[in-house]
*Asks:* 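Input: one structure, supplied below.
Below, all heavy atoms of this structure are taken into account, side chains as well, without hydrogens, waters or symmetry copies.
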Amino acid sequence: MASRDKHSPQGSVVLKTRTQRKTTRPRMYRVLIHNDDYTPMEFVVRLLQVVFHRNEAEATTIMLHIHNNGVGVAGVYTHEIAETKVAQVHMLARQQDCPLVASMEPEEDPDAEH
């Protein structure tokens with residue numbers, strides 16, 4: 001019988017451990033449009049179409065909700081995209097001399113990373 005060398009790789013098992021990564025959804029943010037008494041409804045509809053890619057019917061429904069309730073959700077996005085959408089709303093509103101205000105707030109999602 002051949003003797004086994006203690007330092008020989010034959011007959012030994014090497015175990016590799018893998019760390020499992022749990023991916024979590026990023027936290028999502030609602031972009032809110034706030035009603036005011038000066039911004040024309042047509043401008044809000046067009047803004048919803050251009051910035052938030054809504055069709056005319058959706059944009060009109062959202063605009064009427066904003067008008068009747070004081071605030072409405074234009075869309076839900078990751079933090080960076082929501083910030084960009086808010087900035088675009090403010091820039092376009094200022095170009096038209098409208099006081100329209102947009103803001104963002106986090107959505108409630110217990111599975112999202114904070």
*Asks:* With E56, which residues qualify under salt bridge (Lys or Arg N to Asp or Glu O under 4.0 Å), at least two apart?
*Replies:* none
*Asks:* Taking all atoms of both residues into account, what is the closest heavy-atom pair of A59 and Q49, and its distance?
*Replies:* CB-CG, 3.9 Å
*Asks:* Dump the intermediate steps for side chain to side chain contact (heavy atoms under 4.5 Å, CB included) on F52 and V89, then the final yes or no.
*Replies:* CA-CA 10 Å; F52 298 95; V89 168; 3.7 Å; yes
*Asks:* Could you pull out all residues at least two apart from A93 that satisfy side-chain contact (heavy atoms from CB on, under 4.5 Å)?
*Replies:* F43, C98, L100
*Asks:* Is any side-chain heavy atom of L92 closer than 4.5 Å to a side-chain heavy atom of Q96?
*Replies:* no
*Asks:* List the atom pairs, with distances to 0.1 Å, where a side-chain N or O of residues 30-38 and a protein N or O form a donor-acceptor pair under 3.5 Å, not counting sequence neighbours.
*Replies:*
from, atom 1, to, atom 2, distance (Å)
R30, NE, E105, OE2, 3.0
R30, NH2, E105, OE2, 2.9
H34, NE2, S103, OG, 2.7
D36, OD1, Y38, N, 2.8
D36, OD1, T39, N, 2.6
D36, OD1, T39, OG1, 3.0
D36, OD2, T39, OG1, 2.8

*Asks:* M104, M28: one ILVMFWY side-chain cluster at the under-4.5 Å cut-off?
*Replies:* no
*Asks:* Please test L48 against E58 for side chain to side chain contact (heavy atoms under 4.5 Å, CB included), starting from the C-alpha separation and ending with a verdict.
*Replies:* CA-CA 9 Å; L48 289 164; E58 289 175 321; over 6 Å; no
*Asks:* Which pairs would a plain distance check flag for residues 66-80, meaning a side-chain donor or acceptor within less than 3.5 Å of a matching protein atom at least two apart in sequence or in another chain?
*Replies:*
from, atom 1, to, atom 2, distance (Å)
N68, ND2, L64, O, 3.1
N69, ND2, H65, O, 3.0
N69, ND2, H65, ND1, 2.9

*Asks:* If a pair satisfies ring pair (Phe, Tyr, Trp, His ring centres under 6.0 Å) and one of its residues is in residues 85-105, list it, with sequence neighbours excluded.
*Replies:*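 Checked against ring pair (Phe, Tyr, Trp, His ring centres under 6.0 Å) - neighbours excluded - no pair reaches residues 85-105.
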